[in-house]
Amino acid sequence: MLLENTYNLLQFDEKGSLLSLISKSSGRNYIIKNGCSMFRLTMTEVISGRIVPGTLMLTSEMAEKAEFTEAGQGLEICYKNLDGMPISVRCTVKLFSREMRWNISIENGTRFAVKEIEYPFLLFKPYLGSNAQSERILVPKMDGILLGNPEMYPWADGQGMISERYWYPGEGKQKPNNLAVQMTAYYDDQEGVMIYAADTCGYPKKMGPVYCKPEFIDLSPVHLRPETAGMNFDLEYMVITRFFNGDWKSAAEIYKEFARTAPWCGKTIPEREDIPDWIKKGAFFLSFRLRYQKKGAGYLEYVPEYIEKWKKILNIPIVAMMCGWEKIGEWAGPDYFPPFGGEKRFQNMCQKLKADGNIPFTFGLSGLKLLIRRHRTKTKDQPQLALDYDGRELFEQKYREASALDINGVPIVDSNIDEWDGVHAYACPATEQAKEQICGASVQMLKKYGVIMQQADQILGGGTSECYNSEHGHLPGRGIWQVESLKRIYDETRRTAKEISKDFALSQEWISEPFIQHLDIYHCRNYDKPQGGLESVPLFSYLYHEYIPCYAGDWTSLLPDNDTGVYFHGWNFVCGNLPAGSPLNMLEEMENHEPEEADPAILEMACNTCAALKSAADYLIYGEMLPTDELPVPRMNIWIRGLDFGFERKIISVPCVLCMFWKNPEGRTACALANVSDETKTAEIPVGQYIRHARRVFIETNGCGKIHQAEVVEGKTVLEIPARSAVVVREER
């Protein structure tokens with residue numbers, strides 16, 4: 001059976017297995033030689049309303065028969081009685097120009113529940129063509145990463161199956177395994193294929209590659225369902241596959257066509273009156289500690305003066321990111337109050353910070369974690385996290401009923417006693433306790449102490465835990481209820497807090513699409529390269545920068561220990577991230593350093609990027625990131641320092657001059673450039689690719705206010721960029 005149009009050809013055998021997925025443009029068949037099943041179901045058994053351990057796998061090949069129905073440019077295949085059980089599956093594939101649109105529905109007459117659906121079940125060849133060196137797989141993990149061919153650029157240690165498949169919007173526990181975007185792409189220098197879920201609601205799923213060495217790369221999207229026995233359903237959205245030419249940016253441009261129809265693109269930053277002006281104008285996020293200072297709790301009385309010192313140097317409002325503000329200790333919640341230093345001292349500190357034009361930010365709320373026990377010594381890394389705390393009795397008395405349960409009715413507990421966050425359970429996002437941990441804590445911090453920014457930290461990408469507690473009012477396992485519950489918490493937090501202060505802002509650690517319009521800003525780390533892959537890319541900013549601002553960095557040391565600090569500030573600038581830095585080595589030190597102890601080169605770059613950002617805010621805060629290639633300039637080797645998120649740290653090569661083109665809300669174009677080397681560099685800027693018929697451009701260096709003109713010859717202009725400088729090239733003044 002064939003299904004084809006001008007661009008695509010799909011071939012099926014009599015059992016309904018997919019034999020070929022062919023691009024007519026290149027003639028490539030992307031899937032493995034013997035083809036693959038159309039789907040794979042993971043089932044769990046339900047007895048007397050209880051989900052029992054163990055899973056059952058069913059595939060299309062197990063059907064007693066497959067019935068084909070043609071409908072125009074589409075095909076419907078009905079698979080009857082899988083493995084002799086009263087389970088039937090109907091798969092539809094329709095061709096719309098270049099797109100292949102897939103959907104699936106299931107009739108389930110058993111006591112089993114469908115937990116996961118892998119559909120379309122796509123097993124790709126591990127070598128696309130003759131140039132494996134150029135192969136890349138785009139994985140939208142966190143801000144975005146690229147993997148190389150696994151034989152040439154190993155993804156992980158080990159034998160056999162290696163997984164780079166992650167959760168959308170997040171798995172809700174310890175590791176940053178969240179997907180920000182529900183798409184992936186597999187391509188080389190000739191052609192590629194992209195896969196995305198056209199889901200505008202945020203249903204939970206998993207995407208990304210699994211390498212079964214050496215036979216195939218599995219890129220099947222995995223749709224996660226509530227575990228209800230005998231439930232019939234139609235998948236609520238289409239899965240789209242499409243061939244394309246180009247790199248990850250080309251795939252992202254295709255995805256944008258869908259994404260702009262989703263509610264998370266409802267309003268741009270200029271249209272969003274809910275985002276405070278202080279974010280839109282730009283500010284510097286300074287991460288420092290309240291605890292462990294020589295003055296003890298009295299240090300809080302010095303904090304406003306300390307922040308003013310940095311503000312005078314950087315010449316931009318400071319967001320005072322206070323670590324260690326919690327009653328018990330750093331990253332120990334949800335029993336937060338009264339904060340460190342005492343109520344009156346804390347109130348006075350925050351009021352003085354605000355009076356000086358700075359932003360008090362207690363960084364950050366420990367998500368939905370319910371701390372049970374922690375015993376960490378100062379001999380471990382990050383000694384500032386040393387804490388001996390026993391909250392078992394409090395957990396049993398106050399939190400157990402609200403905690404997320406596994407299939408055995410036991411609270412889901414993660415981590416170890418001596419880890420940085422100790423043994424903890426998780427508040428189910430559908431409970432009042434979850435709302436109290438985000439909304440209640442934020443409103444109390446604002447109303448009582450004057451803290452006007454909060455972050456839902458450790459809710460990585462908006463991921464929350466599955467839950468099987470029937471008393472919480474949701475379906476068992478995972479489901480759209482998780483995203484909807486968190487949205488409600490965010491909405492109530494922002495509504496209640498903004499009635500108290502219009503300057504209030506709510507952030508989240510990393511981001512996923514469904515939450516864009518439910519937050520004021522988010523915490524990105526697209527400067528932290530590589531993020532577990534061959535290369536990291538600013539995928540989320542490329543797609544959505546004009547809809548929600550982001551700030552970068554929580555461990556970007558301003559001290560001489562950070563030999564990549566200049567690069568960090570340059571990259572944050574060209575990517576439109578609000579700048580950030582820390583006056584201590586976040587991994588080893590506990591005492592904040594004075595501004596005069598900062599590394600002169602890093603501080604120079606920070607000052608220059610702050611000034612340039614303020615001058616070009618309409619592009620770099622409000623604007624849309626345009627597809628930009630690296631400049632043909634000398635390169636330099638760097639090694640990224642940072643906290644251990646399980647990323648491989650290695651030496652990477654980066655351009656000495658970083659570059660990104662931007663379009664502001666009025667449609668004008670500018671180019672942001674940062675020389676992250678210690679020498680003046682010459683760069684040839686391809687302005688003609690973005691500004692047609694340009695004869696001249698206007699250039700401002702380090703936001704100094706002095707504009708000079710440069711001629712455009714054959715679509716290019718040549719600039720001499722001083723060391724550690726931030727430059728904006730505009731099409732007009």
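Contact record, Ser20 with Asn29: CA-OD1, 3.4 Å, taken as the closest heavy-atom pair. Across all their heavy atoms, Ser26 and Glu191 have their closest contact at OG-OE1, 2.6 Å. Pairing each heavy atom of Ser536 with each of Asp528, the nearest pair is OG-O, 4.5 Å. Between Ala197 and Phe258, the closest heavy-atom pair is O-CE2, 3.8 Å. Looking at every heavy atom in both residues, Thr669 comes nearest to Tyr619 through C-CE2, 3.7 Å. Closest approach of Phe568 to Thr556, counting heavy atoms only: CD1-CG2, 3.1 Å.
For the pair Pro126/Pro214, no side-chain contact is recorded, criterion being any heavy-atom separation below 4.5 Å from C-beta on. At a threshold of 4.5 Å between non-hydrogen side-chain atoms, the residues Ile145 and Val537 do not count as touching. For the pair Leu138 and Leu539, the minimum side-chain heavy-atom distance is below 4.5 Å. Between Leu179 and Ser512 there is no side-chain heavy-atom pair separated by less than 4.5 Å. A heavy-atom distance below 4.5 Å is found between the side chains of Leu673 and Leu631. Looking at Leu18 and Pro120, their side chains never come closer than 4.5 Å, going by heavy atoms from C-beta outward. Residues Phe573 and Val728 meet the side-chain proximity criterion, which asks for heavy atoms closer than 4.5 Å.
By the neighbour-count criterion of 12 heavy atoms within 6.0 Å, atom NZ of Lys65 is sparsely surrounded, having that number or fewer from other residues, nucleotides or ligands. Applying the 6.0 Å contact sphere to NZ of Lys125 captures more than 12 heavy atoms from other residues, nucleotides or ligands. Counted within 6.0 Å of NZ on Lys249, heavy atoms from surrounding residues, nucleotides or ligands total more than 12; the atom is thus considered enclosed. Lys256 NZ: more than 12 foreign heavy atoms inside a 6.0 Å radius.
Panel note: side chain Tyr119, backbone Asn103; a donor-acceptor pair is recorded below 3.5 Å. A distance-only check finds no donor-acceptor pair linking the side chain of Glu99 to the backbone of Arg101 [under 3.5 Å]. A distance-only check finds a donor-acceptor pair linking the side chain of Lys205 to the backbone of Tyr203 [under 3.5 Å]. The backbone N or O of Leu626 sits less than 3.5 Å from a side-chain atom of Thr628, completing a donor-acceptor pair. Checking side-chain atoms of Asn178 against main-chain N and O of Glu171 turns up no donor-acceptor pair under 3.5 Å. A donor-acceptor pair is defined here as one N or O able to donate and one able to accept, closer than 3.5 Å; no such pair exists between the side chain of Asn131 and the backbone of Asp189. Side-chain atoms of Asn149 never come within 3.5 Å of backbone atoms of Glu135 as a donor-acceptor pair (strictly under, hydrogens ignored). No side-chain donor-acceptor contact under 3.5 Å links Asn572 to the backbone of Gly576. Remark: side-chain polar atoms of His223 are not paired, donor with acceptor, to backbone N or O of Glu118 under 3.5 angstrom. Listed for the Gln482 side chain is a donor-acceptor partner under 3.5 Å among the backbone atoms of Gly479.
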Open item on the list: Would Leu75 and Thr69 count as a side-chain contact (heavy atoms from CB on, under 4.5 Å) here? Give the steps.
Closed with: CA-CA 6 Å; Leu75 181 66; Thr69 304; over 6 Å; no
Task: Verdict with reasoning, Ile459 to Glu509, per side-chain contact (heavy atoms from CB on, under 4.5 Å) - done: CA-CA 6 Å; Ile459 304 179; Glu509 185 175 16; over 6 Å; no
Open item on the list: Please determine whether side chain to side chain donor-acceptor pair (under 3.5 Å) holds for the pair Trp102 and Thr241, giving the CA-CA distance in whole Å, both sets of side-chain angles, and the decisive distance to 0.1 Å.
Closed with: CA-CA 8 Å; Trp102 310 72; Thr241 55; 2.9 Å; yes
TODO: Give the intermediate values and the outcome of salt bridge (charged side-chain N to carboxylate O under 4.0 Å, His left out) for residues Glu215 and Lys213.
DONE: CA-CA 5 Å; Glu215 288 85 3; Lys213 185 177 183 178; over 6 Å; no
- [ ] Might you work through the side chain to side chain donor-acceptor pair (under 3.5 Å) test for Glu253 and Tyr542, ending with a clear yes or no?
- [x] CA-CA 9 Å; Glu253 284 295 320; Tyr542 185 80; 2.7 Å; yes
Task: Audit row: Ser37, Glu61, side chain to side chain donor-acceptor pair (under 3.5 Å) steps and yes/no - done: CA-CA 6 Å; Ser37 298; Glu61 297 165 331; 3.2 Å; yes
Open item on the list: For Trp248 and Tyr187: C-alpha separation, side-chain torsions, deciding distance, then whether ring pair (Phe, Tyr, Trp, His ring centres under 6.0 Å) applies.
Closed with: CA-CA 8 Å; Trp248 68 269; Tyr187 63 91; 9.2 Å; no
- [ ] Take Phe124 and Tyr186 through the side-chain contact (heavy atoms from CB on, under 4.5 Å) test and state the conclusion after the steps.
- [x] CA-CA 9 Å; Phe124 287 90; Tyr186 182 23; 3.9 Å; yes
Open item on the list: Quick one, Arg242 with Ile254, criterion side-chain contact (heavy atoms from CB on, under 4.5 Å). Give me CA distance, side-chain angles, the key distance, then yes/no.
Closed with: CA-CA 9 Å; Arg242 174 173 166 167; Ile254 295 169; 3.7 Å; yes
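Summarising the geometry, atom CG belonging to Asp143 is positioned 4.5 Å from atom CG belonging to Asn526; distances are rounded to the nearest 0.5 Å. Here the CD1-CZ distance, from Ile22 to Phe243, works out to 8.5 Å after rounding to the nearest 0.5 Å. Taken to the nearest 0.5 Å, the CZ atom of Phe244 stands 12.5 Å off from the OG atom of Ser25. With rounding to the nearest 0.5 angstrom, the CH2 atom of Trp510 is 8.0 Å from the NZ atom of Lys141. Separating the OH atom in Tyr196 from the CD1 atom in Ile240 is a distance of 4.5 Å, to the nearest 0.5 Å. Separation of atoms CG (Leu56) and OG1 (Thr42) is listed at 8.5 Å; rounding is to 0.5 Å.
Checked for salt-bridge contact, Lys663 and Glu624 meet the test: a charged N lies under 4.0 Å from a carboxylate O. Salt bridge status for Arg225 with Glu236: present, with a side-chain N to carboxylate O gap under 4.0 Å. Taking a cutoff of 4.0 Å between a charged side-chain nitrogen and a carboxylate oxygen, Asp188 and Arg28 qualify as a salt bridge. The pair Glu684-Lys716 meets the salt-bridge criterion, since a charged nitrogen lies less than 4.0 angstrom from a carboxylate oxygen. A salt bridge links Arg478 with Glu466: the closest approach of a Lys/Arg side-chain nitrogen to an acidic carboxylate oxygen falls below 4.0 angstrom. Salt bridge Glu4/Lys24: present, at least one basic N to carboxylate O contact under 4.0 Å. Salt bridge Arg40/Glu116: absent, no basic N to carboxylate O contact under 4.0 Å.
When only modelled atom types and interatomic distance are considered, Tyr255 and Glu257 share no side-chain donor-acceptor pair under 3.5 Å. Side-chain contact check for Glu76 and Thr92: no donor-acceptor pair (N or O, by modelled atom type) lies under 3.5 Å.
Aromatic ring orientation, Tyr544 versus Phe540: tilted (interplanar angle from 30° to 60°).
With Cys265 as reference, Arg260 is the one residue of Arg260, Glu546, Glu513, Gln517 to meet the side-chain contact (heavy atoms from CB on, under 4.5 Å) rule. With Cys36 as the partner, the side-chain contact (heavy atoms from CB on, under 4.5 Å) test is satisfied by one option alone out of Asp218, Ile31, Leu19: Ile31.
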